[in-house]
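Presented below is the structure to which this report refers.
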Amino acid sequence: MRTYELMTIHRPELPEEQVRAHLKKMEELLAGRGGVVKNTDFWGKRRFAYEIDHLSEGYYAVVTFEAEPPAVAELDRALALADEVVRHKIVRPGD
Amino acid sequence: MGRKGNTVKVKKRRRRPESQPRRAKKRVCHFCREGITQVDWKDVTLLRKYMSDRAKIRARRVTGNCPRHQRQVATAIKNAREMALLPYVSVK
């Protein structure tokens, strides 16, 4: 299993509970495929450095987890399809 | 021809004696000194220091970073830009 770091940006017009619920859902997706969520850091609303899709802010969150590569691919796909998510990024810290 | 006003000033260059060439100031990379092995791309305030006010990445000769850390700073800034944490361009 490898350590990954996920950063998500959720749409700003959503209520915070819905964003947290969606994050929980993503964590469950990982857990269901043998992943272990180590830490979830919810940053809250933050202004963008530049406009994305005519939006100027969004909810930022950082999730650190361990998982197998196929599970990560699945997560990446789910995030790309999710309407709540403006942008996301999965990185492997340390390389 | 009136020469007043348009006199070309010739700056006299002081040549440094051959015996003592210019010595570069020895600087140690900030990250090496602090013992940071991995540059965090989420630390926006830190990365800002390595950008010009036009949001360009500062060159190594300006930052004084070692090759490894300069590379890490550059990729960290690029990652942060993708997530709109840092700008690609900034109008001055």
inquiry  = Evaluate B/K42 against A/D41 for side-chain contact (heavy atoms from CB on, under 4.5 Å), listing each step before the verdict.
reply    = CA-CA 12 Å; B/K42 300 183 297 307; A/D41 187 6; over 6 Å; no

task = Dump the intermediate steps for side-chain contact (heavy atoms from CB on, under 4.5 Å) on B/W41 and A/M7, then the final yes or no.
result = CA-CA 11 Å; B/W41 63 278; A/M7 185 187 269; 3.7 Å; yes

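Note on A/V72 and A/L6: same hydrophobic cluster, where clusters join Ile, Leu, Val, Met, Phe, Trp and Tyr whose side-chain heavy atoms are under 4.5 Å apart, directly or indirectly. Note on A/L55: it clusters hydrophobically with A/W43, by side-chain heavy-atom contacts below 4.5 Å among ILVMFWY residues.
Proximity to chain A (any heavy atom under 4.5 Å) is shown, for B/V89, by neither the backbone nor the side chain. For chain B, the nearby part of A/E5 is the side chain; its heavy atoms alone come within less than 4.5 Å. Residue A/V91 touches chain B through its side chain alone, counting heavy-atom pairs closer than 4.5 Å. Of the atoms belonging to B/E82, heavy atoms from both backbone and side chain fall under 4.5 Å from chain A. In this structure, the portions of B/L85 lying under 4.5 Å from any heavy atom of chain A include both its backbone and its side chain.
For the atom pair OH (A/Y50) and CZ (B/R81), the distance works out to 9.5 Å, reported to the nearest 0.5 Å.
When the shell of 6.0 Å around CZ of B/R33 is examined, it contains more than 12 heavy atoms from other residues, nucleotides or ligands. Other residues, nucleotides and ligands contribute over 12 non-hydrogen atoms within 6.0 Å of the NZ atom of A/K45.
B/L86 and A/A49 make their closest contact through C-CB, 3.3 Å (heavy atoms, listed as atom of the first residue, atom of the second, distance).
Remark: side-chain polar atoms of A/Y60 are paired, donor with acceptor, to backbone N or O of B/M83 under 3.5 angstrom.
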